[in-house]
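Here is the structure we will look at, set down as structure tokens.
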Amino acid sequence: MKEKYYITTPIYYPSGKWHLGTCYTTVVCDAIARFKRMCDMDVFYLTGTDEHGQKIEKVAQEVGIDTKLFVDKQVSTLIDLWKRLDISYDKFIRTTDSYHEEAVQKIFNKLYEKGDIYKSEYEGWYCTPCESFWTKTQLVDGKCPDCGREVELTKESSYFFRLSKYQDRLIDLIEKNPDFLQPKSRQNEMLNNFLKPGLQDLAVSRTSFKWGIPVPFDEEHVIYVWIDALTNYITALGYMSDDDSLFRKFWPANLHMMGKEIVRFHSIIWPAILMALDIPLPEKVYGHGWMLLGSDKISKSKGNIIDPIVLSDRYSVDAVRYYLLREIPFGSDGIYTNHAFLSRFNADLCNSLGNLLSRSCAMVNQYFGGTLVKGTTKTQFDEDLLNSVDSLFGKVEKNIDKLLIPEALQEIFNVVNRANKYIDETAPWILAKDVAKKDELANVLYNLIDTLRVVGIVLLPFLPQTARKILADIGVNEPTLFENTVVSGKSVEGTVIVKGNALFPRVNMEKELAAMEKMAQETEQKKVEEKKVEKTEVVTTEVAQTAKKEINIDDFDKIELKIGKILTAEKVEKSKKLLHFTVDTGDRVRSIVSGVAKYFTVEEMIGKEVIVVTNLKTATLGGILSEGMILFADDGDSVVTVEPSKTLKAGSTVS
RNA sequence: CGCGGGGUAGAGCAGUCCGGUAGCUCGUCGGGCUCAUAACCCGGAGGUCAUGAGGUUCAAAUCCCAUCCCCGCAACCA
């Protein structure tokens, strides 16, 4: 009986914005899943989408599309993306799938009957126009974060999950099973910030929106994300359905992989739900770092291409997979820059790997007419090379088990580099000049092809297309298992070796960087235009957020805008973002606090003329009274002041 | 004193737990080679291991103490 392996990504929220970060988790899981399959394990790899909730409902309404149609559309682009990236998931779950909805209702019932879910009141701030509840921390200056209007403290009836009941068991879990939550830094984070201070019961239903799974015995309520989304890991296996054979076979999960931002839900709420259901806990929850957008020295933060489709179109899917798998170290963040991407591409994929294949195949063709011959005359360098080939798989396997993905790839490339060195050591072109050395030459070339065979096979889980191309060129059938294939000496004499096209065509760094920057700018331009023109057609939640409701002239007339002259400016102590200004607005000198310390120095602000909202209700920021607001323009990358085109008297009106 | 992570060669990082010649990748410079995708191989230069003529020690990047700086999260972004 095969050993089972169940691995999951989180289910993604279909907001329509998929970029490198979204791909990272999925590609890593894919590599692991493929690897385990080739280790002869029975693998189940799950991914999917979390489609319910207010945000989706609202966006769909605004566009006037049926909510289900809206998510269908979003999901299909995601599935296309996974196809593009060669993601080999075994199942794609959608929380709108009927089997999931039914199972969630049963789970909710079970917890309710057990007494772990109870009805009570949920206190929050309610924004009537938006029909939304907000917690105190979500409020912006005590107002609705969406529309900025007043909110009122309201009680809403809600079902609660007894999270507090499981607090001690959760602390135990994390403290006594250091393997459960990885990397270790997350353990402290969870213990110190959430578990030790005490857990509160969790509101698991809402009445403020309808786009969700109804509470089975109370139609007013829909089940909130916690129980709806997290349970996908078991409902996907048929838990609580007529056929739960997969559940019995694969649960508990061996690995829940996710970004560090949602570790909290998976290491606290999810185990608590499982405890309440009396189901075994997953073996491991792993919160990986993020792929951050770095900044190339020259181009600042601009011009980095983060659209995986664009990158894979231009440089191949495996170039993208390789970068993702190679650049994010265990437990911390990786940085994406065009330069780093191209650097990896050229140095590793083109120069080391591609060129090794190219030169090896070329020599077999040149010296032996393209037929593999196994010589018997060994060289003094054989042993070292073959040792590195024979020990490769073990090293990679060890790293994969510890989730050290970049290190696993490093091991593979170490062998590639060793092989390149072997060519130099044995100098086949010299052997070729001496007829007496023909057998030794055959041996050298055999060892090279044999090394490429093992490298190709071990690369299959990581770079499937590349690995297949390598194997095809050297006439090897793609194996389904590692067993018996990842040791030296298994190449078959007489195999036809082809010298095919370059695996990865080397790029000119400077030209390519310039081209990428240009592409990025064009994409950016397009995005801006799309936002302007297609407000109704292509909708993402992002667009919905930036577009404000229409107002009439009277609304606008309520705002008093004046030209002000900045007299003094200083940083607000204890705050990173706040600057404190005194501004002459004609009528008087005002104290104004703005959150722009990141963008301006104190010196450059003094003496500037700016536009000020002078009839804004005063507020206290960073302990300082702010009597108005200075207008700034923001394009997402930079923030600038808005100034009159020529100097005016302070107090001049703006309308 | 909010929580956490970090400061090691031009860039990105390892080494720190368990003190003992400071290492890897990229870049750079020089050499070699010509099978190969101007690729490959070898070698050099480049580091007061944030600071403190701090403490412990025969010995500190590593352990202890103090300080400074950076980055996340939280709070505040009118």
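Computed from heavy atoms alone, side chains included, the values below leave out hydrogens, waters and symmetry copies. Letters A, B, ... are given to chains in the order of the sequence lines, protein chains preceding strands, and every chain is numbered from 1.
With salt bridges taken as basic N to acidic carboxylate O contacts below 4.0 Å, none links A/D401 and A/K398. Salt-bridge annotation for A/R418 and A/D384: present, with a side-chain N of the basic residue lying under 4.0 Å from a carboxylate O of the acidic one.
When the C1' atom of B/C13 is taken as reference, atom CG of A/L409 falls 16 Å away, rounded to whole Å. Put simply, CG on A/L356 is 11 Å from P on B/C40, counting in whole angstrom units. Nucleotide B/G12 holds its P atom 12 Å from the NE2 atom of A/H339, rounded to whole Å. Rounded to whole Å, atom C1' of B/C26 lies 12 Å from atom CD of A/Q410. The interatomic distance linking A/W429 (CH2) with B/C40 (C1') rounds to 8 Å, in whole Å. Going from atom CG of A/L349 over to atom P of B/C40 covers 13 Å, rounded to whole Å. As rounded to whole Å, 14 Å separates atom C1' of B/A39 from atom CG of A/L503. For A/N508 and B/A39, the CG to C1' distance is 14 Å, given to the nearest whole Å.
Judged by closest nucleotide on RNA chain B, A/I430 is the one of A/C350 and A/I430 placed further toward the 5' end. Between A/V613 and A/S360, the residue whose closest nucleotide on RNA chain B is further toward the 5' end is A/S360.
Rounded to whole Å, the separation between the C1' atoms of B/C29 and B/A74 comes to 49 Å. Nucleotides B/C1 and B/G7 have their P atoms positioned 27 Å apart, rounded to a whole Å. Between B/U25 and B/G20, the distance separating the two P atoms is 22 Å to the nearest Å. For the C1' atom pair drawn from B/A22 and B/A9, the interatomic distance equals 11 Å after rounding to whole Å. Nucleotides B/C69 and B/G52 are separated by 15 Å at their C1' atoms, to the nearest Å. Comparing the C1' positions of B/U51 and B/G44 gives a spacing of 32 Å, expressed to the nearest Å. Of the P atoms belonging to B/A11 and B/C76, the separation is 37 Å, rounded to the nearest Å. Taking atom P on both B/C26 and B/C63, the two are 30 Å apart, rounded to the nearest angstrom.
Between A/N420 and B/A39, a side-chain N or O to OP1/OP2 separation shorter than 4.0 Å is absent. For the pair A/R359 and B/C40, the criterion of a side-chain N or O lying under 4.0 Å from OP1 or OP2 is not met.
Residues A/Y315 and A/F341 bring their aromatic ring centres within 6.0 Å. Aromatic rings from A/F265 and A/W226 are positioned such that their centres are separated by under 6.0 Å.
Summarising the base pairing, B/A66 is matched to B/U51 through a Watson-Crick or G-U wobble pair whose two defining distances lie under 3.5 Å. The base-pairing partner of B/G30, taking Watson-Crick or G-U wobble contacts with both distances under 3.5 Å, is B/C42. In a base pair of the Watson-Crick type (N1 to N3 plus N6-O4 or O6-N4) or a G-U wobble (N1-O2 and O6-N3), with each distance short of 3.5 Å, B/G4 is matched with B/C71. B/C35: no Watson-Crick or G-U partner with both key distances under 3.5 Å is found in any strand.
Distance from the side chain of A/N351 is smallest for B/A39 among the nucleotides B/U37, B/A39, B/U34. For A/N355, the listed nucleotide lying nearest its side chain is B/A36; candidates were B/A36, B/U25, B/C35.
Note on A/Y367: only backbone sugar-phosphate atoms sit closer than 4.0 angstrom, heavy atoms only; bases stay farther off. Across all strands shown, A/A362 has heavy atoms under 4.0 Å from sugar-phosphate atoms exclusively, and none from any base.
Under the 30°/60° scheme for interplanar angles, the aromatic rings of A/F413 and A/Y322 are found to be tilted.
Applying the 6.0 Å contact sphere to NZ of A/K469 captures more than 12 heavy atoms from other residues, nucleotides or ligands. Under a cut-off of 6.0 angstrom, the local environment of CG in A/N501 is sparse, with at most 12 non-hydrogen atoms contributed by other residues, nucleotides or ligands.
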Measure all distances between protein nitrogen or oxygen atoms and nitrogen or oxygen atoms of nucleotides 42-44 of chain B, and list the pairs falling under 3.5 Å.
| unit_1 | atom_1 | unit_2 | atom_2 | d |
| --- | --- | --- | --- | --- |
| B/C42 | OP1 | A/K421 | NZ | 3.1 |

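Counting heavy atoms from C-beta outward, A/F381 and A/L386 have side chains that stay 4.5 Å or more apart. Taking the side chain as every heavy atom from C-beta outward, A/R453 and A/I474 approach each other to under 4.5 Å.
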